[in-house]
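To start, the structure itself, in structure tokens.
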Amino acid sequence: MDKKDLFRQELEYVHGVPLFWTIAEAWSEVEGFEARPDDLLISTYPKSGTTWVSEMLDLIYNNGDIEKCRRDAIFNRVPFMELIIPGLVNGIKQLEALKSPRLVKTHLPVQLLPSSLWKNDCKIIYVARNAKDVAVSYYYFYKMATMHPEPGTWEEFLENFMNGKVSFGSWYDHVKGWWEKKKDCRILYLFYEDMKEDPKRELLKVLKFLEKDLPEDIVNKILHHTSFNIMKQNPTANYSMMSKREMDHSISPFMRKGISGDWKNQFTVAQYERFEKHYKQQMEGTTLKFREEI
Ligand code: A3P
């Protein structure tokens, strides 16, 4: 297959969820993923702080050893389980080749998670971010990361986002689905906004969940190394090691702004009002609450 055919294609539906077409094609391989009991799953809707928490966890696993965490790009240290693009990447195979304990990244909604992760009762860290900031971040990501279909205008993208017609489907279903699942499984549910507000508090929550102790100076070192400005400069964390064909940082850098409340710079008043009305309907009845700025 011609590589250019891989990019900017329409999404394909798997059990009602739109995914990159190459993932849809390889779905049986994804479903067959073999988890190990000591795997830690990092689960997020795209653009919710996946890379941030992944870098934090790799540093925790390596006791704050910065050099060890420079051994490879974040997308190789924490493989993206379901990402299969023929000739480019296969998350399942990458994970097979990793020694335990593994860090595993997924963007799948809860109902699509391969069953072996439940059977092995793997610990899961979920990170959620408010919908409006995710929509904005996702729009710029669609522009720079060519695996996605063309985003169209912001207005068009926002419409698709609200209707769940973006890669990995509905934000509303994703955050609510994982929130419900937390009642029965070992899931630590974190919020991007809390991490922005007090990263140390959130890092200590992660350590407690992992039943791991680290000395204060190592904790502070990890916090420093995972601050936005340091990660933005770090080639093993900022996705600059990805080919330009796949991600063009001159269109929009992967490490874009890293703030809460950027939606205010993007939404028109009319978009805001429409979004809020739709949001209330979608989120009715859930105990899950978001903060939209810090
Ligand atoms: P913005 O586009 O709003 O800047 P993901 O890793 O899930 O794709 O999420 C990417 C978003 O997280 C981007 O948001 C990126 O800038 C932000 N991000 C990455 N590392 C961060 C950090 N250390 N602190 C704050 N935000 C971070």
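Order of appearance sets the numbers: ligands from 1, and atoms from 1 within every ligand. This chain uses plain numbering: 1 for the first residue, then up along the sequence.
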At less than 4.0 angstrom from any non-hydrogen atom of [X], what atoms of ligand 1 do you find?
X: Met231; answer: 20 (N), 23 (N)
X: Met255; answer: 16 (O), 19 (C), 20 (N), 21 (C)
X: Thr50; answer: 5 (P), 6 (O), 7 (O)

Is there at least one pair of N or O atoms, one from [X] and one from ligand 1, spaced under 3.5 Å apart?
X: Tyr45; value: no
X: Gly258; value: yes
X: Arg256; value: yes
X: Gly49; value: yes

One residue to check: Ala237. Relative to ligand 1, which of side chain, backbone, both or neither has a non-hydrogen atom less than 4.0 Å away? neither

[atom]: the protein heavy-atom neighbour that sits closest, reported with distance to 0.1 Å:
atom: atom 12 (O) of ligand 1; answer: Tyr192 CE1, 4.0 Å
atom: atom 6 (O) of ligand 1; answer: Thr51 OG1, 2.5 Å
atom: atom 1 (P) of ligand 1; answer: Ser137 OG, 3.4 Å
atom: atom 11 (C) of ligand 1; answer: Arg129 NH1, 3.8 Å
atom: atom 8 (O) of ligand 1; answer: Lys47 NZ, 2.9 Å
atom: atom 15 (C) of ligand 1; answer: Phe254 O, 3.9 Å
atom: atom 23 (N) of ligand 1; answer: Thr226 O, 2.8 Å

Taking the six-membered ring for Trp, are Trp118 and Trp178 parallel (under 30°), tilted (30 to 60°) or perpendicular (over 60°)? tilted

So Tyr138 and Tyr142, would you call those rings parallel, tilted or perpendicular, with 30° and 60° as cut-offs? perpendicular

How long is the straight-line distance from CD1 of Ile84 back to CD1 of Ile23, given to the nearest 0.5 Å? 7.5 Å

Between CG on residue Leu59 and OG on residue Ser54, distance to nearest 0.5 Å: 11.0 Å

Of Phe157, Phe161, Phe275, the residue whose pairing with Phe267 passes ring pair (Phe, Tyr, Trp, His ring centres under 6.0 Å): Phe275

Does [atom1] in [X] sit with more than 12 non-hydrogen atoms of other residues, nucleotides or ligands closer than 6.0 Å?
X: His278; atom1: NE2; value: yes
X: Lys212; atom1: NZ; value: yes
X: Lys200; atom1: NZ; value: yes
X: Arg36; atom1: CZ; value: yes

Is there a donor in the side chain of Glu29 and an acceptor in the side chain of Asn90, or the other way round, less than 3.5 Å apart? yes

So is Thr44 in contact with ligand 1, going by heavy-atom distances below 4.0 Å? no

